[in-house]
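The sequence lines fix the lettering, A, B, ..., with proteins before strands; numbering per chain opens at 1.
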There are 2 protein chains.
Amino acid sequence: MASIKITPEPTIRRLPKYVHLLTILKHKGVKSVSSTMIAESLELDSTLVRKDIEATGIVGRPKTGFLVDKLIMALREHLNWNNEDDAFLIGAGSLGAAILGYKGFRECGLNIVAAFDNNPAKIGTVIKNVPVLDYTKLEEHCRRMHIHIGIITVPAPVAQQTADALIRGGVRAIWNFSPTQIATPQWVVVEYAQLTMSLAVLKRKLRETELTDNSIQETK
Amino acid sequence: MASIKITPEPTIRRLPKYVHLLTILKHKGVKSVSSTMIAESLELDSTLVRKDIEATGIVGRPKTGFLVDKLIMALREHLNWNNEDDAFLIGAGSLGAAILGYKGFRECGLNIVAAFDNNPAKIGTVIKNVPVLDYTKLEEHCRRMHIHIGIITVPAPVAQQTADALIRGGVRAIWNFSPTQIATPQWVVVEYAQLTMSLAVLKRKLRETELTDNSIQETK
DNA sequence: TAGATTGTTAATCGATTAACAATC
DNA sequence: TAGATTGTTAATCGATTAACAATC
């Protein structure tokens, strides 16, 4: 039986930070690194860093730490960044175009091979080197090209029907940029990349610090 | 003393979902809603929903639940979406342009009043109705306009110096879209909106489900 | 009233942090 | 060897879930 250990989501979210930091160190010529060093750079606890690294299966050496090269490769392997997945993006608006134009995703094993839109003025054009196809042919293309990842950048009201079409076409993972919850069968992975959520945290925390600072001033 | 209760971050992240759902219900003419209904729509536990709502200070009525209108207003107030904050965006590339073009942020109390770039070809132009100014004048403009929020969409290598300029200019909160960790004084709030992180979760989970399915097939 | 739903307290769960023996 | 660092076990912490009395 192929046993796979589920990596806790908080750990997964930290791994790309390690890859980024280690890549910078590698370019500086650093050969090995300790969990303490990583922890200090990223403002984390060193035990946490070791626990995270454990998920990749890499073992370090007491006194010297971890080999930068091996660690980068193991992290990328664990995140499946070494296997390139083809993906479709649906909704060629300004957010969609930004995602099409972002080169960094290639590094993470994501290759967007086509965009879809229902606007006749956009269908047939090419945005950032990616062809824009007819939305009504989405399901058919998914199936024919064995696409497993769909990226949803359509307006909220049509997010669900877009997801439905992707799933009928055989998609197994959906990256949802619309602010809507979408219902899917349990075998489909959905990741919400909601900027609104992130902005909410920013604005709330800003207010909390402002009010906390005031109360300190009032106290003295 | 102005006492403010810190809202746990997981709660903050869920609140925008409630706002979105409730707004849809409101437009359908729904007047009141129970925590059970919200929980079912968003696939959460109803106790969790009640705990989250508690953070806003709204109390419900047994049997009937919560008034949709009042709840929306309280949630928006809690997230500080009713107070508009002016913000600067630094880095007018394709990601920056997408953010400038996204109308939804206005709803969340974010008003991007200017963009900054160091590319002479972009300085002086207008993108999505927002003027692009000279990066070297960033600090000065921040101070003069009392800007408290900076949005970083520059390439990773210059993210830190951009943050430094913002902080010197008096910025209190930074929304960082670059993949780099940035160091800031403890009184500056930093929220990382890293798409790479979100993509990592998607790709890893996709692989985990694939491997889990395989092992099930092998077992039978 | 009876029944649904709230608000709250206690139990559970999972992630982070602390402590420390093993190792190079 | 001495000291730094790993890997691991135990303790802590915080968030979620379960249980239930209070209430409309």
Side-chain angles (χ1 to χ4, degrees), chain A residues 5-18 21-22 25 30-71 74-75 78 181 192 197 200-201 204-205 208, chain B residues 5-18 21-22 25 30-71 74-75 78 181 192 197 200-201 204-205 208:
Chain A
K5 219 179 285 171
I6 304 287
T7 306
E9 202 173 303
T11 294
I12 302 176
R13 291 190 185 278
R14 283 186 296 266
L15 299 187
K17 291 195 177 190
Y18 300 163
L21 173 66
L22 292 166
L25 291 176
V30 177
K31 294 296 176 206
S32 70
V33 68
S34 71
S35 59
T36 322
M37 276 202 275
I38 297 174
E40 270 170 21
S41 302
L42 301 178
E43 294 174 46
L44 299 170
D45 188 280
S46 72
T47 309
L48 186 61
V49 173
R50 285 200 295 279
K51 272 256 166 70
D52 286 344
I53 289 174
E54 201 194 338
T56 68
I58 286 287
V59 293
R61 279 169 59 123
K63 185 107 163 134
T64 52
F66 304 87
L67 291 176
V68 173
D69 266 333
K70 277 178 71 174
L71 194 46
L75 286 164
H78 190 77
Q181 179 90 3
Y192 292 85
M197 200 161 79
V201 175
R204 173 68 197 174
K205 285 198 178 162
E208 283 174 356
Chain B
K5 218 179 283 172
I6 304 287
T7 306
E9 202 174 304
T11 295
I12 302 176
R13 292 191 183 276
R14 283 187 297 267
L15 300 186
K17 292 195 177 191
Y18 300 163
L21 173 67
L22 291 166
L25 291 176
V30 177
K31 294 297 178 205
S32 70
V33 68
S34 71
S35 59
T36 323
M37 277 201 274
I38 296 175
E40 271 169 21
S41 301
L42 301 179
E43 294 174 46
L44 300 170
D45 188 281
S46 71
T47 309
L48 186 60
V49 174
R50 287 201 293 282
K51 272 258 167 70
D52 286 344
I53 289 175
E54 200 194 340
T56 69
I58 286 287
V59 292
R61 280 168 58 125
K63 188 109 163 123
T64 51
F66 304 86
L67 291 175
V68 173
D69 265 335
K70 276 178 72 174
L71 194 46
L75 286 163
H78 190 77
Q181 179 90 3
Y192 292 86
M197 201 161 78
V201 175
R204 174 67 197 174
K205 285 197 179 163
E208 283 174 357

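- Partners of A:Ser46 under the side chain to side chain donor-acceptor pair (under 3.5 Å) rule, at least two apart in sequence or in another chain, do not exist in this structure.
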Kindly list each side-chain donor-acceptor pair under 3.5 angstrom involving residues 58-65 of chain A, sequence neighbours excluded, with atom names and distances?
unit_1: A:Thr64; atom_1: OG1; unit_2: A:Arg61; atom_2: O; d: 3.4

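- With sequence neighbours excluded, the residues that form a side chain to side chain donor-acceptor pair (under 3.5 Å) with A:Ser35 are A:Arg50.
- The list of salt bridge (charged side-chain N to carboxylate O under 4.0 Å, His left out) pairs with a residue in residues 39-49 of chain B, not counting sequence neighbours, is empty.
- DNA chain D is contacted by no residue of residues 32-43 of chain B, taking any non-hydrogen atom closer than 4.0 Å.
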Base versus backbone protein contacts along nucleotides 13-24 of chain C [heavy-atom cut-off under 4.0 Å; B, S, -]: --SSBB----BB
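- For the salt bridge (Lys or Arg N to Asp or Glu O under 4.0 Å) test, residues two or more places apart in sequence or in another chain that qualify with A:Asp69 are A:Lys26.
- With rounding to the nearest 0.5 Å, the separation of NE2 in A:His78 from CG in A:Leu15 is 6.0 Å.
- Not counting sequence neighbours, the partners of A:Tyr18 by the side chain to side chain donor-acceptor pair (under 3.5 Å) test are A:Asp52.
- Legend: residues meeting side chain to side chain donor-acceptor pair (under 3.5 Å) with A:Glu9, ordered by chain and number and at least two apart, are A:Arg13, B:Lys205.
- Scanning for side-chain contact (heavy atoms from CB on, under 4.5 Å) contacts around A:Ser41 gives A:Leu21, with sequence neighbours left out.
- Distance check, rounded to the nearest 0.5 Å: CZ of A:Phe66 to CG of A:Leu22 gives 10.5 Å.
- The distance between atom CD1 of A:Ile53 and atom P of D:dG7, rounded to the nearest whole Å, is 8 Å.
- To the nearest angstrom, P of D:dT5 lies 15 Å from CG of A:Leu67.
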Nucleotide pairing, DNA chain D (Watson-Crick or G-U, distances under 3.5 Å), in dot-bracket with [ ] and |: ..||||||||||||||||||||||
